Amino acid sequence: MSDGAGIIGKGTFAMGQKRIISAWIQGGECLDAASMPIPSRVWRLVLLGAPGVGKGTQAELLSENLGAVHLSTGDIFRAIASLPPEKRSSAMEEALGYMRRGELVPDDLVIRLVEERKACLRLPCGFLLDGYPRTVPQAEALDRLLSQEGLRLDAVVDYELPLETVVRRLSGRRVCSRCQAAFHIETRPPRQQGVCDHCGAKLVQRQDDRPEAICVRMQVYQQSTKPLLEYYRHRGLLVSVPAEGSREEVFARTMQQLHDMASAQASRL
Ligand code: AMP
């Protein structure tokens, strides 16, 4: 892989990124972002793929290597879910109802949440949007937001995996109740059963990883998110990556595809 893909040392951006992610989740300003180092190649990416294909894991690896900050709309809703009930507004409660059933939160609410956090999108380190957009109206809203900011997407990475594998992955997934780190009871078990390797907090199964919610999420994905593939293919941004194999293999494939895309874009200039 050449330097043209902008690979940087692991962990270089970790501290600055933590502050940005908490601003993203809580909806505050991205303080101190100006002091963050800028990677040699700035990437603004959207990650697509059915729930359970491993987008979150790939986002972590990509973020460490490309220096772009990992922004997940699912994390915003999980943070709302962990607030005490008296601190949640009625709009928040309504959003959590959709999430618990495995349904999509209505577009207008999600679009508003992302607009409120647009400072995180204009950061010079770039971004990896995970879980947004999920529908064509959300993609159109993102296009409008980016063009107001004078920015554009570099690529949309779609992770592909057979349905049976997705269901197996989701039902074995466990997440840390404090730091949200992801584990899997078969393929990525924690060192001590039920305990997070990173912060020692309890591992839990997400409510929307229960079998009944998984079925709904897969149907929702087929109906709402698949049309996005066409939307981005049409714009020449779509990169399809088979998500079988180890996290390292999938990551290497992603980097190769991004590198190929960067080379193709450079040769057109
Ligand atoms: P995720 O972690 O991305 O799978 O998101 C978990 C849940 O949060 C989803 O099942 C939805 O209920 C909600 N959610 C996250 N992002 C979006 C979005 N862009 N549009 C609608 N609902 C979303």
Side-chain angles (χ1 to χ4, degrees), residues 21 24-25 27 45-60 62-63 70-83 88 91-118 120-121 127-146 153 156-159 161 163 166-167 169-177 179-184 204-229 231-232 243:
I21 291 165
W24 169 259
I25 289 176
L45 302 177
V46 164
L47 306 184
L48 294 181
V53 293
K55 282 194 307 292
T57 305
Q58 291 306 312
E60 274 174 38
L62 287 165
S63 174
H70 172 198
L71 304 174
S72 148
T73 40
D75 284 349
I76 300 175
F77 292 117
R78 280 183 284 280
I80 294 174
S82 66
L83 288 174
R88 296 182 208 146
M92 286 175 178
E93 284 295 351
E94 202 189 324
L96 293 182
Y98 290 101
M99 186 181 166
R100 287 190 196 106
R101 292 188 296 274
E103 296 168 15
L104 289 187
V105 176
D107 283 338
D108 53 350
L109 177 55
V110 191
I111 289 170
R112 204 168 68 232
L113 283 175
V114 172
E115 273 171 3
E116 283 167 10
R117 290 158 173 80
K118 64 182 176 193
C120 296
L121 299 179
F127 59 76
L128 305 163
L129 268 176
D130 166 9
Y132 185 86
R134 283 268 230 291
T135 63
V136 171
Q138 291 181 17
E140 289 166 347
L142 178 63
D143 280 350
R144 281 195 299 275
L145 194 59
L146 292 178
L153 290 175
V156 174
V157 182
D158 176 44
Y159 290 103
L161 203 61
L163 183 61
V166 166
V167 173
R169 282 193 183 182
L170 283 178
S171 48
R173 183 158 71 174
R174 299 292 180 273
V175 290
C176 174
S177 52
C179 73
Q180 305 297 324
F183 297 85
H184 193 280
V204 292
Q205 182 170 42
R206 285 168 37 170
Q207 280 191 327
D208 55 355
D209 281 346
R210 286 168 299 117
E212 57 279 24
I214 291 176
C215 289
V216 177
R217 288 167 75 197
M218 296 312 295
Q219 282 162 7
V220 164
Y221 177 74
Q222 297 289 341
Q223 282 161 16
S224 310
T225 313
K226 278 237 159 160
L228 275 184
L229 301 183
Y231 182 90
Y232 286 123

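Atoms within each ligand, like the ligands themselves, are counted from 1 in listed order. This is a predicted model, so every value here is computed, not measured.
In Asp208, the part holding a heavy atom less than 4.0 Å from any atom of ligand 1 is the side chain.
Take Ser171 and apply the side-chain contact (heavy atoms from CB on, under 4.5 Å) test, not counting sequence neighbours, and it matches Ile214.
Heavy-atom proximity to Gly131, at under 4.0 Å, picks out these atoms of ligand 1: 16 (N), 17 (C), 18 (C), 19 (N). Those atoms of ligand 1 that come under 4.0 Å of a heavy atom in Thr73, given as number and element, are 15 (C), 16 (N), 17 (C), 19 (N). In summary, the atoms of ligand 1 found under 4.0 Å from a heavy atom of Arg206, numbered by their order in the structure, are 1 (P), 2 (O), 4 (O), 6 (C). For ligand 1, the atoms sitting less than 4.0 Å from at least one non-hydrogen atom of Glu103 are 11 (C), 12 (O), numbered in the order shown with element in parentheses. Interface atoms of ligand 1 facing Val110, defined by a heavy-atom separation under 4.0 Å, are 18 (C), 19 (N), 20 (N), 21 (C). Less than 4.0 angstrom separates some heavy atom of Gln138 from each of these atoms of ligand 1: 18 (C), 19 (N), 20 (N), 21 (C). Near Arg217, meaning under 4.0 Å from one of its heavy atoms, ligand 1 places the atoms 4 (O). Residue Met99 approaches ligand 1 through these ligand atoms, each under 4.0 Å from one of its heavy atoms: 7 (C), 8 (O), 12 (O).
A donor-acceptor pair under 3.5 Å links the side-chain atoms of Lys55 to the main chain of Gly49, judged by distance alone. Proximity of a side-chain donor or acceptor of Arg173 to a complementary backbone N or O of Asp209 within less than 3.5 Å is not detected. Listed for the Arg206 side chain is no donor-acceptor partner under 3.5 Å among the backbone atoms of Val175.
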Exercise. Report the C-alpha separation of Leu146 and Leu153 in whole Å, then their side-chain angles, then the decisive distance to 0.1 Å, and conclude whether the side-chain contact (heavy atoms from CB on, under 4.5 Å) test is met.
Key: CA-CA 8 Å; Leu146 292 178; Leu153 290 175; 3.8 Å; yes
Exercise. Test side-chain contact (heavy atoms from CB on, under 4.5 Å) on Val46 and Leu142 and set out the steps.
Key: CA-CA 10 Å; Val46 164; Leu142 178 63; 4.0 Å; yes
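Shown here for Arg134 and Leu228, the closest heavy-atom pair between the two residues is C-CD1, 3.6 Å.
Distances from atom 18 (C) of ligand 1 to the heavy atoms of Lys55, Arg134, Arg78, Arg100 show the closest one on Arg134.
For atom 22 (N) of ligand 1, the nearest non-hydrogen atom of the protein is Val105 N, 3.0 Å. Of the protein's non-hydrogen atoms, Phe77 CE1, 3.9 Å is the one closest to atom 23 (C) of ligand 1.
Using a 4.5 Å cut-off on side-chain heavy atoms (C-beta onward), Arg78 and Ser72 make contact.
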